[in-house]
Amino acid sequence: MRPVLLVPLLLLAAPLLMAGNSKLLETARLQDREGKWEQAVSSAREALAADPADPSTARFLQDLLLRVSSPAAAAEVAVTGAPPAVTTWIGSRLLDRKAAEEALRKLGEAEGPPPGVFLDLARVQLAMGRAKTAEATARQYTDLVPDDWEGQYVLAQARRAAGSPRGSDSALSKALELSPGQYEAACLYAEVLAALGDDAKARGVLVKALELYPQNPDLLLALATDQIRREEMSLAEQTLLRLIELRPSSPAAYGRLAEVRFALGRLDDAEADARKALTIAPNDARTLATLAFVLEKKGELDEALAHYAKASTLVPTDAQLLVDIGFLHTLLGRYAEAEANFRKALTLDPEHEEGNLKLGVLYYQEKKYKDARKVFEKVLRGDPGNPAANRYTGYALLAEGKARESVNYFERALKTDPADIGSKRMIGRAWLELGRVDEAIRVLLEAVDLDPKDSITRFTLGKAYEEKDDYDSAEEFYRKSMELDPLYPFPVLYLAELVDEIREKPKEALPLYKKYLELGGADPFADVKARIEQIERTAK
């Protein structure tokens with residue numbers, strides 16, 4: 001009887017094995033979505049052992065291993081009896097992409113290829129940076145298998161990489177409609193929606209996904225990124241701390257936490273978080289730049305420069321990093337190095353607004369006023385209302401003795417930003433130079449209202465009132481300027497001259513003249529030392 005019963009038993013065993021494999025794979029997918037990656041790998045390996053010829057299980061295991069382990073581990077996974085290129089695309093995309101693409105292409109050109117070949121080929125092409133080609137290949141797959149969420153997801157990835165977020169939107173919407181629990185698709189969908197300006201819908205996608213898998217670290221990271229974009233820093237901090245509890249070795253979590261704590265003004269915490277992230281991932285350019293920025297704000301400029309330089313070496317095409325490096329060189333007084341970095345950045349991105357502005361400011365500091373104005377005019381051609389470009393153009397014109405022309409630029413800056421204190425202050429100075437004292441006082445008083453702690457505006461007001469022969473008001477503003485900034489020398493000199501020449505009290509002026517020199521002041525109009533000696537001789 002045994003020979004007779006053997007075949008039915010074997011026939012029954014096959015579907016049972018397949019059902020067991022399916023259940024194990026579904027368990028692995030669930031564990032993956034919940035962020036339980038070690039269990040997910042174990043379940044996926046069991047599923048593949050139950051059915052070694054199942055390419056879906058092999059592909060899932062490879063993808064999982066690439067994310068949580070290494071390309072080499074992913075590349076070791078193979079499907080019994082299937083062409084290697086079909087099931088080792090993930091390992092191959094980092095180990096031998098060209099060979100994988102060639103093998104997959106040949107399979108796709110053969111008669112009656114399995115549809116999965118096109119999906120694998122699209123992924124390899126996407127990994128090689130050939131987004132348009134990957135999009136076309138992914139379309140071949142979705143035309144054949146329109147109801148596979150994974151195909152729609154890969155199509156969306158290709159469209160996003162090709163610079164088409166609108167096309168990604170529709171593919172991701174369909175992917176999540178087919179399989180609502182795919183957290184990778186939810187994360188990408190939220191990113192795409194944010195790029196399209198639909199922040200509310202982006203948040204909704206993440207919230208819905210987190211309702212399904214509240215412990216998924218990738219979804220928490222995406223939520224924190226969304227909160228940072230909305231400037232909800234306290235909420236982002238809470239989300240990231242929750243993420244770190246689930247994934248203590250996540251460099252991205254610590255890196256984002258550093259950004260959040262910097263925004264909250266907690267520089268020491270931000271520095272500690274960034275350094276923690278870099279112990280896990282020493283070559284993460286974004287975290288290196290974050291640490292550099294924190295150190296810059298703490299005044300540790302040389303170390304900040306070293307971190308910016310390392311980040312720039314890792315991402316040599318990032319113009320912003322070169323601008324940051326140039327700015328630090330400016331702060332350190334290394335103007336030649338600063339200019340070289342700004343120019344390199346502008347070679348990469350000629351319209352980089354911050355790069356152009358900072359190059360123009362550098363020229364202004366070097367008193368190359370015409371060169372500065374040329375750079376600012378370039379910015380203003382693309383953005384006529386730019387407050388900084390208008391303000392600095394006004395500064396340069398004022399320094400060149402062109403007060404009337406400077407007023408036009410200060411007024412443009414103030415039209416865009418009525419609270420631009422620099423333009424308010426300098427338009428007041430321009431009106432003063434043009435003899436329109438009442439207009440100067442009116443504007444300068446408005447500037448004081450905007451920033452009551454601005455010592456320079458108080459000093460300029462003192463000069464304006466002195467022009468009106470209102471010496472009491474002039475003295476009041478000079479003294480207030482000195483109180484606000486005890487190291488600012490000019491109000492000390494002007495008060496000394498007022499007390500000496502107008503009040504005719506040279507003895508009271510004497511300590512003011514001395515204080516002016518102690519502060520490093522230099523007077524182009526009179527020899528202060530000679531006046532001090534004269535007062536001292538008279539006093540004897």
Side-chain angles (χ1 to χ4, degrees), residues 131 160-166 191-199 228-231 285-286 289 293 296 308 311-312 315-331 335-400 402-427 430 450:
R160 178 75 167 125
S164 176
R166 184 65 63 189
E191 179 188 324
V192 166
L193 289 168
L196 293 170
D198 197 340
D199 286 342
I228 292 169
R229 186 173 61 250
R230 294 166 180 258
E231 299 184 1
R286 178 169 175 170
F293 195 43
E296 177 188 324
Y308 274 136
S312 184
V315 192
T317 57
D318 190 324
Q320 181 62 52
L321 288 172
L322 292 166
V323 171
D324 293 333
I325 291 169
F327 180 62
L328 276 187
H329 280 302
T330 303
L331 294 178
Y335 291 163
E337 292 92 334
E339 182 175 353
N341 279 280
F342 290 143
R343 289 201 169 280
K344 189 174 179 183
L346 294 171
T347 299
L348 292 170
D349 181 1
E351 304 305 317
H352 195 288
E353 187 172 281
E354 186 181 347
N356 279 297
L357 284 171
K358 286 185 173 174
L359 177 61
V361 171
L362 174 65
Y363 287 147
Y364 174 78
Q365 290 177 321
E366 294 181 296
K367 299 184 178 180
K368 299 177 181 177
Y369 301 125
K370 289 184 180 179
D371 290 337
R373 286 196 288 114
K374 285 180 183 177
V375 177
F376 295 135
E377 289 297 336
K378 179 181 177 182
V379 175
L380 292 171
R381 282 196 294 272
D383 181 9
N386 186 287
N390 277 303
R391 183 194 327 123
Y392 270 100
T393 301
Y395 287 175
L397 287 166
L398 200 54
E400 292 177 281
K402 300 175 181 177
R404 177 63 260 181
E405 291 179 58
S406 75
V407 167
N408 296 329
Y409 287 92
F410 293 135
E411 287 178 339
R412 289 178 199 171
L414 290 166
K415 186 175 181 181
T416 303
D417 180 8
D420 183 351
I421 185 68
S423 292
K424 278 278 187 187
R425 180 199 303 143
M426 297 305 282
I427 199 174
L450 287 171

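Predicted model, so just to flag it, every value in this text is computed and none were measured. Heavy-atom basis, side chains included; hydrogens, waters and symmetry copies ignored.
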* Carefully, step by step, assess Phe293 and Tyr308 under the rule side-chain contact (heavy atoms from CB on, under 4.5 Å). => CA-CA 8 Å; Phe293 195 43; Tyr308 274 136; 3.5 Å; yes
* To do: Could you give me the CA-CA distance, side-chain angles and deciding distance for Glu411 and Asn390, then say whether side chain to side chain donor-acceptor pair (under 3.5 Å) is met?
  => CA-CA 8 Å; Glu411 287 178 339; Asn390 277 303; over 6 Å; no
* To do: Go through the steps to decide whether Gln320 and His352 satisfy the test side chain to side chain donor-acceptor pair (under 3.5 Å), and finish with yes or no.
  => CA-CA 8 Å; Gln320 181 62 52; His352 195 288; 3.2 Å; yes
* To do: Dump the intermediate steps for side-chain contact (heavy atoms from CB on, under 4.5 Å) on Ser312 and Leu322, then the final yes or no.
  => CA-CA 7 Å; Ser312 184; Leu322 292 166; 3.7 Å; yes
* Can you check side-chain contact (heavy atoms from CB on, under 4.5 Å) on Val361 and Phe376, steps first, answer last? -> CA-CA 9 Å; Val361 171; Phe376 295 135; 4.2 Å; yes
* For Glu231 and Ile228, what are the C-alpha separation, side-chain angles and deciding distance, and is it a side-chain contact (heavy atoms from CB on, under 4.5 Å)? -> CA-CA 5 Å; Glu231 299 184 1; Ile228 292 169; over 6 Å; no
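Closest approach of Asp420 to Leu414, counting heavy atoms only: O-CD2, 3.6 Å. Of all non-hydrogen atoms in Val323 and Ala345, the two that sit nearest each other are CG2-CB, 3.7 Å. When all heavy atoms are compared, the tightest approach of Ala419 to Leu450 is CA-CD1, 3.9 Å. The two residues Thr330 and Ala338 come nearest to each other via the heavy atoms OG1-CB, 3.3 Å. Closest non-hydrogen pair, Pro350 versus Asn356, comes out as O-ND2, 3.1 Å. Nearest heavy atom pair, residue Ala289 against residue Leu321, reads CB-CD2, 3.8 Å.
Atoms CZ and OG1, on Arg412 and Thr416 in that order, are 10.0 Å from each other to the nearest 0.5 Å. To the nearest 0.5 Å, atom CG of residue Leu398 and atom OH of residue Tyr369 are 9.5 Å apart. Note: Asn386 CG to Leu357 CG = 5.5 Å, rounded to the nearest 0.5 Å.
Residues Asp199 and Arg229 are paired through a salt bridge, judged by an N-O separation under 4.0 Å between the basic side chain and the carboxylate. Salt-bridge formation is not detected for the pair Arg373/Glu377: no Lys NZ or Arg NE/NH1/NH2 atom is positioned less than 4.0 Å from an Asp or Glu carboxylate oxygen.
In this pair, Tyr392 and Tyr364 present their aromatic rings perpendicular. The plane angle is above 60°, beyond the 30 to 60° band.
Tyr363 pairs with exactly one of Lys374, Glu339, Lys368 by the side chain to side chain donor-acceptor pair (under 3.5 Å) rule, that one being Glu339.
Remark: the backbone N or O of Ala389 is paired with a side-chain donor or acceptor of Thr393 at under 3.5 angstrom. Listed for the Ser164 side chain is no donor-acceptor partner under 3.5 Å among the backbone atoms of Arg160. In this structure, the side chain of Asn341 engages the main chain of Glu337 through a donor-acceptor pair within 3.5 Å.
Counting heavy atoms from C-beta outward, Asp417 and Arg391 have side chains that stay 4.5 Å or more apart. The side-chain heavy atoms of Glu366 and Tyr335, taken from C-beta on, include a pair separated by under 4.5 Å. Between Glu400 and Leu397 there is a side-chain heavy-atom pair separated by less than 4.5 Å. With contacts defined as side-chain heavy-atom distances shorter than 4.5 Å, the pair Met426/Tyr395 qualifies.
Atom NZ of Lys378 has more than 12 heavy atoms from other residues, nucleotides or ligands within 6.0 Å.
Stacking of Lys358 on the aromatic ring of Phe327 is recorded, both the 6.0 Å distance cut-off and the 45° axial limit being met.
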